[in-house]
Amino acid sequence: MSALKLTQIGNSVGVILPKDVLARMKVEKGDTVFLTEAANGITLTPYDPELEEQLKLGREFMREYRDTFHQLAK
């Protein structure tokens, strides 16, 4: 766990993430990160939770119609 200080950035307040945290998250300047509420606080992630849900639904659809897709691929 790292303790980070809030800092003034223009008219906003922000957090500067250390280089090692950026490397572990595999993000860099200009990338988008997503802030979501979790049971134990806040989660900061580079993965879009809405996209993850769409992918899950797509995988379920493909699994349900696996035979149809197999026939179409012939």
Side-chain angles (χ1 to χ4, degrees):
M1 178 183 349
S2 299
L4 304 173
K5 287 197 177 247
L6 298 176
T7 184
Q8 188 75 34
I9 302 174
N11 291 331
S12 300
V13 175
V15 174
I16 297 175
L17 301 174
K19 287 182 182 181
D20 64 315
V21 172
L22 295 173
R24 284 194 310 239
M25 291 178 66
K26 297 180 180 149
V27 295
E28 56 187 37
K29 182 180 175 183
D31 288 349
T32 300
V33 293
F34 299 89
L35 190 73
T36 56
E37 289 189 39
N40 59 346
I42 300 290
T43 301
L44 184 67
T45 179
Y47 305 109
D48 183 351
E50 290 181 19
L51 177 61
E52 193 65 36
E53 179 63 24
Q54 291 172 2
L55 288 172
K56 177 184 170 195
L57 293 172
R59 287 184 188 110
E60 289 173 6
F61 178 83
M62 290 174 66
R63 189 174 14 260
E64 183 177 340
Y65 294 100
R66 179 181 312 175
D67 295 336
T68 303
F69 285 119
H70 183 69
Q71 291 299 318
L72 288 171
K74 289 183 178 180

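Values in this document were obtained by computation on a predicted structure and should not be read as measured data.
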Peer 1: Through direct or indirect side-chain contacts below 4.5 angstrom among Ile, Leu, Val, Met, Phe, Trp and Tyr, which residues connect to Ile9?
Peer 2: none

Peer 1: Apply side chain to side chain contact (heavy atoms under 4.5 Å, CB included) to Lys5 and list each qualifying residue two or more places apart in sequence or on a separate chain.
Peer 2: none

Peer 1: For residues Val33 and Val13: do they belong to one hydrophobic cluster (side chain heavy atoms under 4.5 Å, members Ile, Leu, Val, Met, Phe, Trp, Tyr)?
Peer 2: yes

Peer 1: Would you please name every residue forming a side chain to side chain contact (heavy atoms under 4.5 Å, CB included) with Glu64, sequence neighbours left out?
Peer 2: none

Peer 1: Apply ring pair (Phe, Tyr, Trp, His ring centres under 6.0 Å) to Tyr65 and list each qualifying residue two or more places apart in sequence or on a separate chain.
Peer 2: Phe61

Peer 1: Tell me every residue that passes side chain to side chain contact (heavy atoms under 4.5 Å, CB included) with Ala39, counting only those two or more places apart in sequence or in another chain.
Peer 2: none

Peer 1: Which residues pass the salt bridge (Lys or Arg N to Asp or Glu O under 4.0 Å) test with Asp31, not counting sequence neighbours?
Peer 2: none

Peer 1: Nearest 0.5 Å, please: how far is CG in Asp48 from CZ in Phe34?
Peer 2: 4.0 Å

Peer 1: Could you pull out every donor-acceptor pair under 3.5 Å between side chains of residues 14-30 and any protein atom, sequence neighbours left out?
Peer 2:
none

Peer 1: So do Glu60 and Leu57 actually touch side chain to side chain, heavy atoms under 4.5 Å?
Peer 2: yes

Peer 1: Going by salt bridge (Lys or Arg N to Asp or Glu O under 4.0 Å), name the residues that satisfy it together with Arg59, two or more places apart in sequence or in a different chain.
Peer 2: none

Peer 1: With sequence neighbours left out, write down each residue that passes side chain to side chain contact (heavy atoms under 4.5 Å, CB included) with Leu35, or none if nothing qualifies.
Peer 2: Ile42, Leu44

